[in-house]
Amino acid sequence: MPAVTDEQVERVRALVASIPPGRVATYGDIASAAGLSSPRITGWIMRTDSSDLPWHRVISASGRPAEHLRTRQLELLRAEGVLASDGRVRLTGPDSVRHVFDLA
DNA sequence: AATGTGACGTGAC
DNA sequence: GGTCACGCCACAT
């Protein structure tokens with residue numbers, strides 16, 4: 001029995017793909033929406049299987065991208081209108097760009 | 001089997 | 001707002 005099922009991976013992929021341009025979601029949001037037991041699993045999936053996804057719309061809850069992605073991710077986000085102040089995307093407050101998944 | 005690593009999160013301070 | 005410790009969990013050595 002695999003620790004992470006293909007179905008869960010597909011669910012994560014679908015969720016990431018469903019994030020509209022100009023919005024972002026956190027690893028934790030995706031983990032809970034996909035039924036994963038830990039946000040780290042989301043990170044693991046993105047690390048291994050992110051090739052054909054808008055991975056740049058997935059960000060840590062602090063709004064700060066991991067160091068090895070910092071430049072690239074902020075550039076891609078800026079290109080679709082997501083502004084970062086001091087290398088940090090605003091995930092709290094009225095001007096938050098955080099995406100909330102609708103559980104239809 | 002044990003330890004290390006990581007695209008994370010939360011709570012304490 | 002920031003740092004630190006700890007929990008978390010799959011994978012690699």
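The chains referred to below are lettered A, B, ... by the order of the sequence lines, with proteins before strands, and numbering in each begins at 1.
- Side-chain proximity of A/S38 to the nucleotides B/dG9, C/dC11, C/dC8 is greatest for C/dC8.
- Here the side chain of A/A61 is nearest to one of B/dT10, C/dC9, B/dA7, namely B/dT10.
- Among the atoms of the strands shown, base atoms are found under 4.0 Å from some heavy atom of A/L69.
- If you check every strand for non-hydrogen atoms under 4.0 Å, A/R88 touches sugar and phosphate atoms only.
- Across the protein-nucleic acid pair, A/I19 atom CD1 and B/dA7 atom C1' stand 13 Å apart, rounded to whole Å.
- Between the CG atom of A/D49 and the C1' atom of C/dA10 there is a distance of 15 Å, given to the nearest Å.
- Note: CD (A/Q8) to C1' (C/dA10) measures 12 Å, nearest angstrom.
- The side chain of A/R47 lies closest to B/dG6, out of B/dG9, B/dG6, C/dC9.
- Closest contact between the side chain of A/H68 and the listed nucleotides C/dC11, B/dA7, B/dG9 involves B/dA7.
- When each of A/V58, A/I19, A/L77 is tested with A/V24 by the rule side-chain contact (heavy atoms from CB on, under 4.5 Å), just one qualifies, namely A/L77.
- Between the side chain of A/S50 and the base of B/dA7 there is at least one donor-acceptor pair of N/O atoms closer than 3.5 Å.
- When each of B/dT10, C/dA10, B/dG6 is scored by its nearest atom to the side-chain atoms of A/S37, the top-ranked nucleotide is C/dA10.
- The pair A/R70-A/E67 meets the salt-bridge criterion, with a side-chain N (NZ, NE, NH1 or NH2) lying under 4.0 Å from an Asp/Glu carboxylate O.
- One can place CD1 of A/I41 at 17 Å from P of C/dG7, the figure rounded to the nearest angstrom.
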Before giving the answer on side chain to side chain contact (heavy atoms under 4.5 Å, CB included), spell out for A/V12 and A/I41 the whole-Å C-alpha distance, their side-chain angles and the decisive distance to 0.1 Å. CA-CA 10 Å; A/V12 168; A/I41 313 278; over 6 Å; no
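- The interatomic distance linking A/Y27 (OH) with C/dA10 (P) rounds to 18 Å, in whole Å.
- How far CZ of A/R13 is from CG of A/D52: 4.0 Å, rounded to the nearest 0.5 Å.
- The interatomic distance linking A/L36 (CG) with C/dC11 (P) rounds to 12 Å, in whole Å.
- Side-chain proximity of A/S60 to C/dC11, B/dA7, B/dG9: nearest is B/dG9.
- Of the candidates B/dG9, C/dC11, B/dA7, the closest approach to any side-chain atom of A/A66 belongs to B/dA7.
- Annotated stems with DNA chain B as a participant read B:2-6 with C:9-13, B:8-13 with C:2-7, given as range with range, by first number; only runs of 3 or more Watson-Crick or G-U pairs under 3.5 Å qualify.
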